[in-house]
Amino acid sequence: MKLLVNGQEESVESSMTVQAFLVNRGQDPKAVAVAVNEEFIPRTRFDQTLLQHGDSLEVVAPMQGG
Amino acid sequence: MWTLADKTLNSRILLGTALYPSPRIMSDSIQACACDVVTVSLRRQSPLDKAGARYWALIQALNVHVLPNTAGCRTAKEAVTTAKMARDLFATDWIKLEVIADDYTLAPDPVGLVQAAAELNRDGFTVLPYTTADLDVARQLVDVGCQVVMPWASMIGSGQGLVERDRLLRMRETITDATLIVDAGLGKPSDAAQAMELGFDAVLLNSAVALADDPPSMAKAFAQAVEAGRLGFEAGLMVPRDLASPSTPTIGTPFWQQETRQP
């Protein structure tokens, strides 16, 4: 299925949770924050949130800010 | 010592962490002004990019409070979602709320700002909204539960100083039930001193320090200016007068004569 991740299309083999998606992608789930279809997903729900074909994800990390 | 929302702080400077020539110079600048609060942000991260983790480790090592922002958000919904992501990532309910209306001036969208502030306040955030010097918008932000309001002195990153001086003064005189922080537009230490002399509780800076030739020294200069300005405000400034008034006592002045000019 296809996902839009940070504005770019990515393909994954099957339906999976946010937690599994991040781990598969090599990202530490504790080091990022996530929104799916513009809705915030708390870290405590990463392993209960199932991604669907066509979902749009934002995966963000700390950066410098003013 | 002073109180910002639920925290007791020493410094009246909140410092941004962007635009420095290097991470080391950023750290040195934060330490040079001894600020207790630094602003941070969020960005999209690819799996290969470890810069975010390195940056966050550096900030955590400084033992300061972080104030995440919603920079770049264009709508209330984007800002609210970003604030929630920031709370998850930085483990703080403080949020510097930015809802930007215009790319050229980076002016806030007052409608979206008040709407997002209301929603985030209901959700338990401590909202520090970046706004203009408009008194009515500031009042609305207080009315929807903001304990802190952060008006600009001039446009973000412009270094133009207190272009909005008169409106800022009116805001400070009118809004006595909220903490007011001048955020954005300060260019020189004397700008910060002026803001403090007007009675503002603190200043939020970034470009003025980060873009200096020597950022740590500039951070220190701002710290001294802010301290001087605050002390001046607390000491009670004299009221300006229209005409000269001698400061040296005139009684007993040598060569003093009743008539200074002969007819």
Side-chain angles (χ1 to χ4, degrees), chain A, chain B residues 14-20 23 26 38-60 66-72 75 77-78 80-91 96 98 106 123 130 156-157 183-184 204-210:
Chain A
M1 68 176 191
K2 290 200 184 327
L3 300 169
L4 199 63
V5 184
N6 288 343
Q8 299 202 323
E9 203 171 85
E10 287 191 21
S11 291
V12 293
E13 284 179 9
S14 58
S15 184
M16 58 175 71
T17 63
V18 170
Q19 178 81 16
F21 171 78
L22 292 172
V23 171
N24 270 5
R25 208 167 173 247
Q27 284 186 305
D28 179 1
K30 290 193 286 297
V32 295
V34 173
V36 177
N37 302 329
E38 294 185 26
E39 294 297 332
F40 166 65
I41 308 295
R43 191 172 299 151
T44 50
R45 292 214 329 256
F46 281 0
D47 59 356
Q48 300 151 38
T49 304
L50 208 58
L51 294 170
Q52 313 283 339
H53 175 76
D55 276 352
S56 175
L57 276 80
E58 294 291 328
V59 181
V60 298
M63 74 169 281
Q64 296 85 344
Chain B
L14 292 79
L15 193 64
T17 57
L19 305 173
Y20 293 86
M26 178 198 75
V38 298
T39 55
V40 297
S41 195
L42 297 172
R43 75 167 160 199
R44 287 174 164 176
Q45 196 189 42
S46 76
L48 296 174
D49 183 5
K50 304 296 177 200
R54 280 201 301 274
Y55 163 74
W56 182 223
L58 194 63
I59 294 294
Q60 284 178 303
V66 294
L67 173 58
N69 68 27
T70 64
T75 64
K77 183 173 172 54
E78 281 176 19
V80 167
T81 303
T82 302
K84 290 176 179 174
M85 289 197 286
R87 180 164 63 179
D88 217 28
L89 200 52
F90 295 108
K96 174 181 167 181
E98 301 183 33
L106 293 178
D123 197 13
Y130 153 73
I156 290 182
D183 174 12
L204 198 160
L205 302 166
N206 192 342
S207 304
V209 171

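Letters go in sequence order (proteins before strands), and every chain restarts at 1.
A/E39 touches chain B through backbone and side chain together, each having a heavy atom under 4.5 Å away. Contacts between A/A31 and chain B at a heavy-atom distance below 4.5 Å involve the backbone alone (N, CA, C, O). Using a 4.5 Å cut-off between heavy atoms, A/L22 makes no contact with chain B at all. Using a 4.5 Å cut-off between heavy atoms, A/V34 touches chain B through its backbone atoms (N, CA, C, O) alone. Heavy atoms of B/N69 lying under 4.5 Å from chain A belong exclusively to its side chain. Looking at B/F90, the atoms closer than 4.5 Å to chain A (heavy atoms on both sides) all sit in the side chain, from C-beta outward.
Across every non-hydrogen atom of A/R25 and B/Q45, the tightest pair is NH1-O, 3.8 Å. In terms of heavy-atom proximity, B/S41 sits nearest to A/Q64 at CB-O, 3.6 Å. The two residues A/G66 and B/A18 come nearest to each other via the heavy atoms N-CB, 4.3 Å.
Distance CD/A/E38 to CD/B/E78: 6.5 Å, rounded to 0.5 Å. Residue A/E58 holds its CD atom at 14.0 Å from CZ of B/R43, rounded to the nearest 0.5 Å. Rounding to the nearest 0.5 Å gives a distance of 6.0 Å between CZ of A/F46 and CG of B/D88.
When each of B/V38, B/L42, B/N206, B/T81 is scored by its heavy-atom pairs under 4.5 Å with chain A, the top score falls to B/L42.
At distances below 3.5 Å, at least one donor-acceptor pair connects side-chain atoms of B/T39 with backbone N or O atoms of A/G65. Without hydrogens or angle criteria, B/R44 side chain to A/N6 main chain gives a donor-acceptor distance under 3.5 Å.
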Between B/L89 and A/R43, is the side-chain contact (heavy atoms from CB on, under 4.5 Å) condition met? List the steps.
CA-CA 9 Å; B/L89 200 52; A/R43 191 172 299 151; 3.6 Å; yes
